[in-house]
Amino acid sequence: MPLNRVPFNRIKRSAFRIMTLALVVSAAASCTDRLAVHGSILDQQKLSEVKAGQMTRQEVQEILGSPSSKAVFDQEAWYYISSKTSSFAFFEPKVLERKVVIVRFDDKGVVKKVENLDMKDGRNVQIVERTTPTKGKEFTLIEQVVGNVGRFTGGLNKQAQ
């Protein structure tokens, strides 16, 4: 057998090993944790520039940007919310870090207080999965159609009177 010829079975085995190795490596790579960051990531240096009693809403917005949320009723608090999560395959994401910065304003629009909250300040809320029952009778389609017969007279009776 010449030196430059390699048996075909040997090539098939090598190709099979390479394909198997590629499949194992790609499967292992696809099962790594994926990190995701959401919300307003604030620079601590910029946050330290916001001083109580010295800055207005406009100045805070120029430094920190638009808030993630504002207080619903009085607009006297701005919330900058951020979170970092890790997800693995199809499982529910796990929250690694959550930060909330609350900038409170007085009635003149000047910063009154800056608060920093993290995960230890939060509370778990259990969601109730019940439905509220409604009162009244449930009508079938036929009862609804038959019940409406005769109710609508159109504009004919009003014109005749």
Side-chain angles (χ1 to χ4, degrees), residues 15 17-149 151-155 158:
R17 286 180 184 156
I18 291 171
M19 299 267 289
T20 304
L21 181 63
L23 182 65
V24 168
V25 168
S26 66
S30 66
C31 290
T32 59
D33 285 348
R34 280 179 272 147
L35 293 176
V37 179
H38 300 280
S40 303
I41 307 297
L42 297 178
D43 182 14
Q44 291 300 321
Q45 183 179 358
K46 288 184 177 183
L47 184 60
S48 65
E49 293 177 24
V50 178
K51 304 287 184 193
Q54 299 177 6
M55 303 188 106
T56 64
R57 284 187 181 98
Q58 181 66 31
E59 292 169 326
V60 170
Q61 188 167 2
E62 288 173 6
I63 293 172
L64 301 179
S66 296
S68 303
S69 182
K70 294 181 181 180
V72 176
F73 297 108
D74 59 7
Q75 301 288 316
E76 299 301 326
W78 286 5
Y79 301 92
Y80 294 88
I81 305 166
S82 66
S83 66
K84 185 188 294 186
T85 59
S86 171
S87 59
F88 179 75
F90 54 83
F91 297 108
E92 189 170 330
K94 178 181 176 185
V95 179
L96 302 175
E97 182 180 307
R98 180 173 294 133
K99 292 183 181 179
V100 178
V101 175
I102 305 171
V103 181
R104 298 193 187 277
F105 298 95
D106 62 15
D107 55 351
K108 295 177 183 149
V110 177
V111 175
K112 181 168 54 172
K113 185 178 182 183
V114 178
E115 298 176 64
N116 287 300
L117 305 174
D118 57 14
M119 284 186 56
K120 68 179 171 38
D121 298 313
R123 287 184 255 166
N124 288 330
V125 176
Q126 296 294 356
I127 307 261
V128 177
E129 303 228 3
R130 296 181 301 207
T131 57
T132 305
T134 57
K135 300 292 181 188
K137 184 179 178 194
E138 296 286 329
F139 293 104
T140 65
L141 179 64
I142 294 173
E143 288 175 323
Q144 290 176 15
V145 171
V146 172
N148 286 331
V149 172
R151 284 192 180 187
F152 303 106
T153 58
K158 291 183 182 177

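Small disclaimer: the values here were computed from a predicted structure and weren't measured.
Partners of Gln58 by side-chain contact (heavy atoms from CB on, under 4.5 Å), not counting sequence neighbours, listed by chain and number: Thr56, Glu62. Residues forming a side chain to side chain donor-acceptor pair (under 3.5 Å) with Ser68 (at least two apart in sequence, or on another chain): Ser40. Residues forming a salt bridge (charged side-chain N to carboxylate O under 4.0 Å, His left out) with Glu59 (at least two apart in sequence, or on another chain): none. When the side chain to side chain donor-acceptor pair (under 3.5 Å) test is applied to Gln61, the partners found at least two apart in sequence or on another chain are Ser66. Gln44 pairs by the side chain to side chain donor-acceptor pair (under 3.5 Å) definition with nothing, not counting sequence neighbours. Scored by the side-chain contact (heavy atoms from CB on, under 4.5 Å) test, Ile18 finds no partners at all (sequence neighbours excluded). A search for side-chain contact (heavy atoms from CB on, under 4.5 Å) contacts involving Thr131 returns nothing, not counting sequence neighbours. Considering only residues two or more places apart in sequence or on other chains, Thr20 meets the side chain to side chain donor-acceptor pair (under 3.5 Å) condition with none of them.
Listed by first and then second residue, the ring pair (Phe, Tyr, Trp, His ring centres under 6.0 Å) pairs that reach into residues 95-123 are Trp78-Phe105, sequence neighbours excluded. Annotation: ring pair (Phe, Tyr, Trp, His ring centres under 6.0 Å) contacts involving residues 36-74, sequence neighbours excluded, are absent. The side chain to side chain donor-acceptor pair (under 3.5 Å) contacts involving residues 102-112 comprise Arg104-Glu115, where partners must be two or more places apart or lie in separate chains.
Here Ile81 contributes atom CD1 and Leu117 contributes atom CG; the two are 10.0 Å apart, rounded to the nearest 0.5 Å.
Val60 approaches Met55 most closely through the heavy-atom pair CG2-CB, 4.3 Å. Scanning both residues, Pro67 and Tyr80, for their nearest heavy atoms gives CA-CE2, 3.4 Å.
Checking Val37, Ile41, Leu42 one by one against Ser82, the side chain to side chain contact (heavy atoms under 4.5 Å, CB included) holds for a single residue, Ile41. When each of Lys70, Lys113, Arg57 is paired with Glu76, the salt bridge (Lys or Arg N to Asp or Glu O under 4.0 Å) condition holds for Arg57 and for no other.
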Side-chain donor-acceptor contacts of residues 89-98 below 3.5 Å, not counting sequence neighbours, with atom names and distances?
none

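Using a 4.5 Å cut-off on side-chain heavy atoms (C-beta onward), Asn116 and Leu47 make contact.
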